[in-house]
Amino acid sequence: MNATISMDGLWTIVDSLSTKNKKWLVNRLLASLSSSNESKEEMIAVGIDKSIKEMKAGNTLPLDSLWSQL
């Protein structure tokens, strides 16, 4: 079953929560954001590592070729 709710409706629900439940929700949201940022950082690190390995293997293009492809 799919349910949709407006942001105003969602805020009404959140605002009606007890302080204890609001703190729980904040902690869950922060944990979710933190893991999201970590995965982005991990993807960037993997990309950099891959690029370094390609460069060391000689799989690079001259700058002129790169500019012509853009």
Side-chain angles (χ1 to χ4, degrees):
M1 177 179 179
N2 290 334
T4 59
I5 187 167
S6 71
M7 293 302 284
D8 288 331
L10 181 59
W11 178 251
T12 302
I13 293 169
V14 170
D15 198 34
S16 69
L17 295 173
S18 69
T19 301
K20 179 181 175 183
N21 288 335
K22 285 180 185 176
K23 287 180 182 180
W24 176 87
L25 181 59
V26 165
N27 289 332
R28 293 293 300 235
L29 289 171
L30 290 174
S32 175
L33 287 172
S34 176
S35 67
S36 174
N37 286 339
E38 288 172 4
S39 64
K40 287 179 187 176
E41 290 171 358
E42 184 177 312
M43 288 176 23
I44 291 169
V46 168
I48 291 171
D49 185 50
K50 182 180 175 185
S51 297
I52 290 171
K53 287 178 182 176
E54 288 179 358
M55 185 178 68
K56 286 181 178 179
N59 299 335
T60 58
L61 294 172
L63 187 56
D64 294 338
S65 298
L66 182 62
W67 281 115
S68 66
Q69 290 181 11
L70 295 176

Exercise for review: Check whether more than 12 heavy atoms from other residues, nucleotides or ligands sit under 6.0 Å from atom NZ of Lys22, and answer yes or no.
Suggested key: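 Yes, NZ of Lys22 has more than 12 neighbouring heavy atoms, counting only those of other groups under 6.0 Å.
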Point to revise | Approximate separation, where rounding is to 0.5 Å, of Asp15 CG and Leu10 CG | key: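 So the gap between those two atoms works out to 11.0 Å.
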Check your understanding: Can you tell me how far CD of Glu42 sits from CD1 of Ile44, rounded to the nearest 0.5 angstrom?
Key -> 11.0 Å
Exercise for review: Report whether Leu29 and Trp11 are members of the same hydrophobic cluster (ILVMFWY, side-chain heavy atoms less than 4.5 Å apart, transitive linking).
Suggested key: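 Yes, same cluster.
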Review point. Are side-chain heavy atoms of Trp24 and Asn27 found at a separation under 4.5 Å?
Key: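 They are not in contact (no side-chain heavy atoms under 4.5 Å apart), so the answer is no.
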Practice item. Keeping the roles fixed (side chain from Ser32, backbone from Arg28), state whether a donor-acceptor pair exists under 3.5 Å. Key: no
**Study point:** Donor-acceptor contact below 3.5 Å, side chain Asp49 vs main chain Ala45
**Key:**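 No: the side chain of Asp49 does not pair with the backbone of Ala45.
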